[in-house]
2 protein chains.
Amino acid sequence: MIYLALDMDLAATAYVILGLLSWRPMSGYDVKGLVDQSTRFFWAASYGQIYPELRRLSDAGLIEGEERPQGKRRRTVYSLTREGRARLREWLDAEPEVYELRDEGLLKLFFASASPATAASTLEAKRRAHEQTIERLREIEATGKPEGFALIVLRYGIEMNEWMADWCARAAADLDAPERAA
Amino acid sequence: MIYLALDMDLAATAYVILGLLSWRPMSGYDVKGLVDQSTRFFWAASYGQIYPELRRLSDAGLIEGEERPQGKRRRTVYSLTREGRARLREWLDAEPEVYELRDEGLLKLFFASASPATAASTLEAKRRAHEQTIERLREIEATGKPEGFALIVLRYGIEMNEWMADWCARAAADLDAPERAA
DNA sequence: ATAAACATGTAACATGTTACATGATTAT
DNA sequence: ATAATCATGTAACATGTTACATGTTTAT
């Protein structure tokens, strides 16, 4: 009897991997590529997390690797095990808990009284950043042709960034024409 | 001549401290209390960061601590030095760079095809979470009476969470009445 | 009396980024 | 030829959370 650490605590990043493998078997490199085209905007992951995590999930029996070299180039394609699929469903059924934001632009605006003249350029920079994100997301929409829930979440990303860019524009206008705003 | 590490690299969390001290001198405990009432929604900080950071900023000459015990209870009140104020302004003048989001609800929605029945409850849980945040922010607005940029940013928090709660409601409705939505 | 709030700090742990190291294959 | 992409991994570093440890003062 092989010991499988089925009860190990999984960090949310592990579920990014389980989730992507529920689409289709793939390599760590593929995982990174897909993350950068999708979850990155609300849950990023680097190689430094992905490869060690693949090892841990494999040791825990939640995924299985198969060697599929391309010529002399080694390649390990991972797929979900039955246990892995069960753990993914379990996680999907539970309430989401983590919500964290780190927005340096908002932080600068918050402290802008220490240098009021810079508030306008902070707002403009934040607006531009959101516009750029929108562009990248639209490109992904056009080239990646996501479907189903992936498309729904992509549209969330686009609309949220539109809202944020808009808010920055409105706030900048209010700075120009002070007080009369409610 | 005392060596001051004026050129040390500051993490954004250091600027949370410098920013709050630009309002008025205060203790580490005060900093934590204010962070929890304000920046926490877009830049959190724990005691485990704050106290060591106060030490580092003090060693670097950007802030100065003064002992102000209350009876036998020790208390160190920090204030910005001239250099500290200059560093804060410098940071405010530079473009914001960090924008990071970790939204477990969005992640679960993204992978909902592995358990479609749970998408609705994920949306509902995310909506509730945003509603709760709105409540807390409104309470802070009423009790804390923030002004100026702090008020502007607080309203951003309220409106952004309203947008997000709304989006969840709309997406849940679209799940019920599929396809006809564009 | 005792619970809550004030006050400071550390240690262990968890998470995550960046740079580095290495090499194969494919497209230009 | 050579640059881009495919492919896997590690080590050093940075950041951040949680639990623990300690003690005082104020409010109930």
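So that the names make sense, note that chain A is the first sequence line, chain B the second, and so on, each numbered from 1. Atom set for the values below is all heavy atoms of this structure, side chains included, hydrogens, waters and symmetry mates excluded.
- Note on B/Trp43 and A/Tyr99: same hydrophobic cluster, where clusters join Ile, Leu, Val, Met, Phe, Trp and Tyr whose side-chain heavy atoms are under 4.5 Å apart, directly or indirectly.
- Taking every side-chain heavy atom of A/Ser27 into account, D/dA7 is the closest of D/dT15, C/dG9, D/dA7.
- B/Arg75 has a carboxylate O that lies under 4.0 Å from a charged side-chain N of B/Asp30, or vice versa, which qualifies the two as a salt bridge.
- Between B/Tyr156 and A/Trp167, the angle of the ring planes goes over 60°, which puts this pair in the perpendicular group of the 30/60° scheme.
- Here C/dT15 presents its P atom at 11 Å from CD of A/Glu100, a figure rounded to the nearest Å.
- Rounding to whole angstrom units, NZ of residue A/Lys32 and P of D/dG9 are separated by 16 Å.
- The aromatic rings of A/Phe110 and B/Trp23 are tilted relative to each other, their planes meeting at an angle between 30° and 60°.
- Proximity of A/Tyr29 to the phosphate of D/dT8: no side-chain N or O atom is located under 4.0 Å from OP1 or OP2.
- Comparing the local axis fitted to the first five base pairs of the helix from C/dA1-D/dT28 to C/dT28-D/dA1 with the one fitted to its last five gives a bend of 40°, rounded to 10°.
- For C/dG16, neither phosphate oxygen OP1 nor OP2 lies less than 4.0 angstrom from any side-chain nitrogen or oxygen of A/Ser46.
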Intermediate values then yes/no, side chain to side chain donor-acceptor pair (under 3.5 Å), A/Glu64 and A/Thr81: CA-CA 6 Å; A/Glu64 241 173 13; A/Thr81 62; over 6 Å; no
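- Rounded to whole Å, atom P of C/dT15 lies 9 Å from atom CD of A/Glu53.
- A/Glu97 has its CD atom 15 Å from the C1' atom of D/dT18, to the nearest Å.
- Salt bridge B/Asp36/B/Lys32: present, at least one basic N to carboxylate O contact under 4.0 Å.
- Here C/dT15 presents its P atom at 13 Å from CD1 of A/Ile17, a figure rounded to the nearest Å.
- A/Gly48 comes within contact range of at least one nucleobase, with a heavy-atom separation under 4.0 Å.
- Listed by residue number, the members of residues 72-81 of chain B with any heavy atom below 4.0 angstrom from DNA chain C are B/Arg73, B/Arg74, B/Arg75, B/Thr76.
- One can place CD of A/Gln70 at 16 Å from C1' of C/dA27, the figure rounded to the nearest angstrom.
- In terms of phosphate contacts, A/Gln49 brings a side-chain nitrogen or oxygen within less than 4.0 Å of OP1 or OP2 of C/dG16.
- Residue-to-nucleotide proximity on DNA chain C shows that, of A/Thr13 and B/Tyr47, the 5′-proximal contact is made by B/Tyr47.
- Aromatic ring orientation, B/Trp91 versus B/Tyr15: parallel (interplanar angle below 30°, classes split at 30° and 60°).
- Side-chain atoms of B/Ser121 come within 3.5 Å of backbone N or O of B/Thr118 as a donor-acceptor pair.
- Atoms CD1 (B/Ile50) and C1' (C/dT10) sit 15 Å apart, rounded to a whole Å.
- The residue among B/Asp30 and A/Ala11 whose nearest nucleotide of DNA chain C is located toward the 5' end is B/Asp30.
- Summarising the geometry, the separation between CG on B/Asp9 and C1' on C/dT18 is reported as 14 Å, rounded to the nearest angstrom.
- The shortest distance between side-chain heavy atoms of A/Arg102 and B/Phe42 does not fall below 4.5 Å.
- Looking at heavy-atom distances under 4.0 Å, B/Arg102 makes contact with sugar-phosphate atoms alone, never a base.
- No path of Ile, Leu, Val, Met, Phe, Trp and Tyr side chains, each step under 4.5 Å between heavy atoms, connects A/Leu18 with A/Val77, placing them in separate hydrophobic clusters.
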